[in-house]
Amino acid sequence: MNPRVAPLLPAAANNTRIPLAVLTGLAVATTVMACSSSPDKPTDAAPSAPLKPSVSAPATPSAPAITDSTKLAAALLAARDLPAGFNPIADPTQDPSAPSGPDADKPDKSHTDPAQCAAVLSPISDQQGGSAAHAVSRFTGPNFSSIDIDAASYPSTGAAGAFAHVQDLFGSCLSYSGTDADGIHVDYKLAGNDQPAAGDASVSIRATTTSEGLTLISDVVVAVVGSTVVQISATGQQPIDPKVLTDVTVKQVDRLRGAPGM
């Protein structure tokens, strides 16, 4: 298998919902499974649940926007705040020196149908422009798992609009498909997920990505904290422990509330 892009690479070239390090590891895992005489059984995920009704952010933000991306980045959780075994990885979109793989110059055959669904779980600032500051942190963990955190802070009432836009996208992309950069077919499904309310308003979903018999599950929380929208996505071949995701979410919300400018 070509390690440049594992089979679960998001369909859009600029969609970064699953880290490259995790995808490369999954490419290895898929090869091992294909050569094994007794491969592991596919993940038995919980039955899909409908998305919950849309949630509105407060009309008046509880705190002003953070206007410095460096300060916003400092307000995101670090590896020491996460469960043991998670380590930071470079963001290729922010670090031009990050390796792009030996076959990075091959033609990109990716596409998504419907096209707008390529933005699902992309950083909030990519989904909704106009942010005053934005930041991303990515971590890879045991068994090809990952935790991705991104945040965007908006002037005026922009956070409420961004939060509404994210939910609209979820609702219009419950089931879609596409191909990765190598032209390999990928299926995506979104469903509701139970997580306690967080921040000033929040929603939670489960995104399931399947390709060539391999499945990844992303449990996601999107929350509004003052004028900032934060997205936390935990991805792996098995769902994350809900209590762990809750703990990470609470820590991240508290960190943003205490950030300079909040």
Side-chain angles (χ1 to χ4, degrees), residues 1 3 5-11 15-52 77 79 81-89 120-122 137-150 170 173-177 180 184-196 198 202-223 231-252:
M1 179 174 294
V5 180
L8 296 181
L9 183 66
N15 190 323
T16 51
R17 76 194 108 176
I18 301 174
L20 181 60
V22 175
L23 291 166
T24 302
L26 283 169
V28 175
T30 304
T31 302
V32 171
M33 290 172 64
C35 297
S36 171
S37 59
S38 56
D40 294 336
K41 292 181 179 180
T43 299
D44 292 325
S48 296
L51 291 185
K52 293 183 178 181
L77 297 183
D81 305 308
L82 303 179
F86 281 89
N87 298 296
I89 59 175
V120 170
L121 301 195
S122 291
S137 291
R138 295 189 168 91
F139 307 87
T140 182
N143 301 317
F144 313 116
S145 61
S146 70
I147 293 177
D148 297 345
I149 303 173
D150 72 87
F170 288 161
C173 295
L174 295 178
S175 179
Y176 60 104
S177 62
D180 70 7
I184 298 173
H185 185 80
V186 188
D187 289 311
Y188 306 92
K189 291 186 182 298
L190 305 185
N193 197 25
D194 287 325
Q195 277 286 304
S202 66
V203 295
S204 181
I205 67 155
R206 171 168 290 177
T208 303
T209 308
T210 305
S211 180
E212 295 195 328
L214 190 63
T215 297
L216 286 182
I217 296 173
S218 298
D219 285 332
V220 183
V221 176
V222 181
Q231 178 172 239
I232 302 165
S233 177
T235 300
Q237 292 178 277
Q238 299 290 337
I240 190 172
D241 183 333
K243 293 181 180 179
V244 172
L245 181 57
T246 299
D247 181 61
V248 171
T249 301
V250 169
K251 287 181 179 179
Q252 183 57 79

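Position 1 is the first residue of the sequence; numbering continues from there.
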Open item on the list: How close do Ile147 and Ala234 get, counting heavy atoms only, and between which atoms?
Closed with: CG1-CB, 4.3 Å
TODO: Check whether any side-chain heavy atom of Thr246 sits under 4.5 Å from a side-chain heavy atom of Gln195, and report yes or no.
DONE: yes
Open item on the list: What's the separation between atom CG in Leu190 and atom CG in Leu174, rounded to the nearest 0.5 Å?
Closed with: 6.0 Å
Open item on the list: So, taking the atom named CG in Leu82 and the one named CG in Leu77, what distance separates them when rounded to the nearest 0.5 Å?
Closed with: 6.0 Å
Open item on the list: Between Pro239 and Arg206, is there a side-chain heavy-atom distance shorter than 4.5 Å?
Closed with: yes
- [ ] Go through Lys243 and Asp247 one step at a time and tell me if the salt bridge (charged side-chain N to carboxylate O under 4.0 Å, His left out) criterion holds.
- [x] CA-CA 6 Å; Lys243 293 181 180 179; Asp247 181 61; over 6 Å; no
TODO: Return yes if some donor-acceptor pair links the side-chain N/O of Ser204 with the main-chain N/O of Val220 below 3.5 Å, else return no.
DONE: yes
- [ ] Identify which one of Val221, Leu121, Asp148 satisfies the side chain to side chain contact (heavy atoms under 4.5 Å, CB included) criterion when paired with Gln231.
- [x] Leu121
TODO: State, yes or no, whether a side-chain contact exists between Val120 and Tyr188 at a heavy-atom distance under 4.5 Å.
DONE: no
Open item on the list: Just so I know, are the side chains of Leu214 and Gln237 near enough to count as touching, which here means a heavy-atom distance under 4.5 Å?
Closed with: yes
- [ ] Identify the two heavy atoms, one from Ala84 and one from Pro142, that lie closest to each other, and give their separation to 0.1 Å.
- [x] O-CG, 4.4 Å
- [ ] Measure the spacing between OG1 of Thr249 and CD1 of Ile232 and express it to the nearest 0.5 Å.
- [x] 4.0 Å
TODO: Rounded to the nearest 0.5 Å, what's the gap from NE2 on His185 to OG1 on Thr210? Could you check?
DONE: 9.5 Å
- [ ] Scan Ile149, Asp150, Ile89 and name whichever one has a side chain to side chain contact (heavy atoms under 4.5 Å, CB included) with Arg138.
- [x] Ile89
- [ ] With rounding to the nearest 0.5 Å, note down the distance linking OG in Ser137 to CZ in Phe86.
- [x] 13.5 Å
Open item on the list: Keeping Asn143 on the side-chain end and Ser145 on the backbone end, is there a donor-acceptor pair under 3.5 Å?
Closed with: no
Task: Closest heavy-atom pair and its distance - Ala79, Pro88 - done: CB-CD, 3.8 Å
Open item on the list: If I take atom CG from residue Asp219 and atom OG from residue Ser233, how far apart are they, to the nearest 0.5 angstrom?
Closed with: 8.0 Å
